[in-house]
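Presented below is the structure to which this report refers.
Chain naming here is simple, since letters A, B, ... match the order of the sequence lines and numbering starts at 1 in each.
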Amino acid sequence: MGARIRHGVNLTATVLAALTLVVVLIPLASILVTAFQRGEAALTSPGFFTESPANPCSPRAGTVCHYGGIAPALDGTLALVGLAALISVPIGLAAAIFVVEYGRDRPSARLITASADVLSGVPSIVAGLFIYTYMAANYPQIVFSALSGSLALSVLMIPIVTRTAEEALRTVPNSQREAAEALGITKWKATLRITLGAALPGIVTGVLLSVARAAGEAAPLLLTAFGNNLGFQGFTQPSDAIPLLVYDFATSPYQNWIALAWGAALTLIVIVLGLSILSRLVLARMARRLRGSA
Amino acid sequence: MDATKMAAVGLSASYGRGPAITDINLEFGPNSATAIIGPSGCGKSTFIRCLNRMHETAPRATVTGKVFLDGEDIYEQDPTAVRRRIGMVFQRPNPFATMTIFDNVAAALRFNGRHSREETDKIVYESLQAAALWEEVKDHLFAGATSLSGGQQQRLCIARALAAQPEVLLMDEPCSALDPISTAKVEDLIFTLKRTYTVIIVTHNMQQAARVADRTAFFYLGKLIEVNDTKEIFERPKEKLTEGYVSGRFG
């Protein structure tokens with residue numbers, strides 16, 4: 001009797017757990033499928049990744065709508081996020097190293113951690129507004145520029161990189177630091193080449209998380225990168241970005257633009273997903289090599 | 001004891017609150033092994049960590065007194081320079097997890113100076129030989145260090161310490177995380193190493209102290225109670241406390 005109840009409970013729990021898996025997977029699958037279906041026409045048009053968007057058009061008898069492509073937005077996003085990563089990864093990493101490796105319980109270290117926490121809660125539009133105001137006051141000629149956009153994205157990325165790198169460094173066992181110290185290896189060498197190496201998987205994950213966050217943000221770019229249909233023209237000029245294109249085109253009444261918006265959205269998802277899968281493969285390979293297949 | 005390689009003079013240390021060790025005076029001869037025994041919490045690990053200035057890396061740690069190495073106070077020297085002369089092996093094997101076996105042993109050479117490839121290869125080979133690990137790892141030197149068993153990892157850590165070419169080797173309960181077979185191997189190793197190095201080993205295993213050490217020091221509640229030739233400590237202890245501990249009445 002007891003055994004039968006136990007088996008029954010066990011089975012129910014297993015089924016419930018499996019069901020929650022389905023519940024989690026449904027939104028993901030549904031987003032991918034919807035984006036593909038709605039954007040298919042634009043995605044399969046030949047110049048999707050290489051052309052600028054075509055003129056607005058809704059199909060009428062006797063007309064053929066061209067789609068064009070999302071090249072300016074794609075290039076813009078790569079440039080904006082690339083520069084933002086170049087700015088925020090070194091800053092975030094340095095802050096994390098200071099807090100974990102050198103700060104101990106110093107008030108300055110706790111201040112950095114607390115600031116990063118607060119900063120990561122700041123709404124992204126405020127990050128945009130902050131950079132907009134700063135640039136308008138100091139560099140009025142380039143308020144609307146890729147540089148402003150990257151700075152605004154950096155404001156979002158720095159706290160993510162800082163906090164995740166902090167966590168990653170904290171997971172490195174102290175015995176690794178002691179081992180290095182006891183060999184008479186100087187602190188900075190040990191940090192750069194032993195502690196950072198051991199924390200690398202966590203740091204890479206954090207950087208990717210911040211890249212994914214930045215790549216998907218439209219709000220901070222509205223007031224900074226602004227948008228530009230001509231293609232990327234350098235960091236002092238306004239730049240388009242995929243989320244800006246999605247925002248503009250999805251709310252337009254033109255069918256070809258709406259399709260482009262869906263296609264662009266899917267592209268963004270694939271880039272972020274691809275980056276995360278790629279990093280996992282690389283890290284898994286590194287881990288395998290070190291575990292050694294003797 | 002005919003000569004002194006290392007000596008603690010009036011050494012006290014704490015972790016911020018009460019003292020962990022108080023006024024320790026202890027000398028270590030060259031080419032010999034000294035065991036430090038005592039019940040848990042008696043300050044033996046704290047003491048040994050003061051000998052290569054690792055104690056002060058703990059939060060709120062304090063040290064007073066002097067530690068002489070070849071007659072010079074290590075507390076008046078650069079701590080990294082001191083640690084290059086005094087190697088340390090920890091309780092739990094702690095090889096660099098992201099490095100290969102070879103790189104672990106070569107770490108001190110690569111980080112602390114310039115050595116040619118041939119020189120590095122030679123020192124890594126000699127260190128692994130000296131740590132009695134070479135035969136077991138020679139065919140997979142470039143596998144990850146964590147692919148080794150616990151006992152092998154500990155001998156790898158010994159090899160890593162030896163590759164730095166220290167004069168003194170501190171061992172903080174090096175066998176406490178190891179199985180009996182690995183323990184026997186590490187003990188054999190200590191027996192060989194003491195011909196070349198000044199070995200100072202903390203252990204809570206009295207048989208181990210009796211097997212490997214020429215001299216034994218007994219610590220209790222942060223104080224040095226008695227130090228003498230190992231045989232004397234175990235067979236004719238002068239202090240009541242020592243006798244109680246080595247005969248297993250407490251600790």
Side-chain angles (χ1 to χ4, degrees), chain A residues 93 97-110 113 165 168-205 279-280 282-294, chain B residues 49 51-54 56-60 78-113 136-137 139-148 156-157 160-166 169-170 172:
Chain A
L93 209 52
I97 288 174
F98 174 76
V99 168
V100 180
E101 304 298 326
Y102 292 90
R104 279 197 189 173
D105 328 301
R106 267 188 244 183
S108 51
R110 262 185 255 142
T113 303
L169 287 170
R170 281 188 213 283
T171 60
V172 177
N174 227 6
S175 61
Q176 298 280 299
R177 297 183 182 88
E178 280 200 323
E181 230 163 342
L183 283 176
I185 297 171
T186 49
K187 179 80 182 165
W188 64 273
K189 270 191 197 171
T191 301
L192 282 184
R193 295 182 51 189
I194 293 166
T195 318
L196 270 187
L200 198 60
I203 292 171
V204 171
T205 308
S279 70
R280 267 155 215 273
V282 170
L283 292 172
R285 166 172 292 186
M286 278 168 57
R288 219 180 14 254
R289 203 192 61 213
L290 281 165
R291 237 175 283 122
S293 43
Chain B
R49 290 170 67 88
L51 298 183
N52 67 341
R53 301 192 60 174
M54 285 296 288
E56 68 204 55
T57 64
R60 288 179 291 281
D78 173 33
T80 50
V82 167
R83 292 177 197 137
R84 288 175 196 185
R85 295 175 63 191
I86 306 174
M88 185 166 216
V89 177
F90 295 83
Q91 254 183 57
R92 300 193 153 272
N94 58 356
F96 296 127
T98 55
M99 292 188 196
T100 63
I101 294 169
F102 184 93
D103 289 345
N104 260 280
V105 183
L109 304 174
R110 289 196 178 142
F111 287 111
N112 296 348
E136 290 161 62
V137 301
D139 297 322
H140 42 268
L141 286 172
F142 298 99
T146 47
S147 65
L148 298 176
L156 178 65
C157 292
R160 181 178 64 186
L162 296 182
Q165 297 166 307
L169 193 60
L170 308 176
D172 187 359

Only pairs of heavy atoms separated by less than 4.5 Å count here; which of A:Arg193, A:Lys189, A:Gln176 has the most with chain B?
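Answer, by heavy-atom pair count under 4.5 Å with chain B: A:Gln176.
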
Quick one: which of A:Ala190, A:Ala182, A:Pro173 has the most heavy-atom pairs under 4.5 Å with chain B, could you say?
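The answer is A:Ala182.
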
Considering only heavy atoms, which portion of [X] lies under 4.5 Å from any heavy atom of chain A: side chain, backbone, both, or neither?
| X | answer |
| --- | --- |
| B:Pro166 | neither |
| B:Phe96 | both |
| B:Arg49 | side chain |
| B:Leu141 | neither |

Other residues, nucleotides, ligands: >12 heavy atoms within 6.0 Å of B:Arg92 CZ
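No.
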
Near A:Arg280 CZ, under 6.0 Å, is it more than 12 heavy atoms from other residues, nucleotides or ligands?
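Counting neighbours around CZ of A:Arg280, 12 or fewer heavy atoms of other residues, nucleotides or ligands fall under 6.0 Å, so no.
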
Which bit of A:Ala180 comes within less than 4.5 Å of chain B, counting heavy atoms only: side chain, backbone, both or neither?
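Both parts, heavy atoms under 4.5 Å.
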
[atom2] on [Y] to [atom1] on [X], rounded to 0.5 Å:
| X | Y | atom1 | atom2 | result |
| --- | --- | --- | --- | --- |
| B:Arg83 | A:Ile185 | CZ | CD1 | 11.0 Å |
| A:Glu181 | B:Asn52 | CD | CG | 9.5 Å |
| A:Glu178 | B:Gln91 | CD | CD | 10.0 Å |
| A:Thr186 | B:Asp78 | OG1 | CG | 9.5 Å |

Shortest non-hydrogen separation from A:Ala198 to B:Thr98 and the atoms involved
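So the two residues come closest at CA-CG2, 3.4 Å.
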
Closest heavy-atom pair and its distance - B:Ala107, A:Leu183
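Between these two residues, the closest heavy atoms are CB-CD1, 4.3 Å.
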
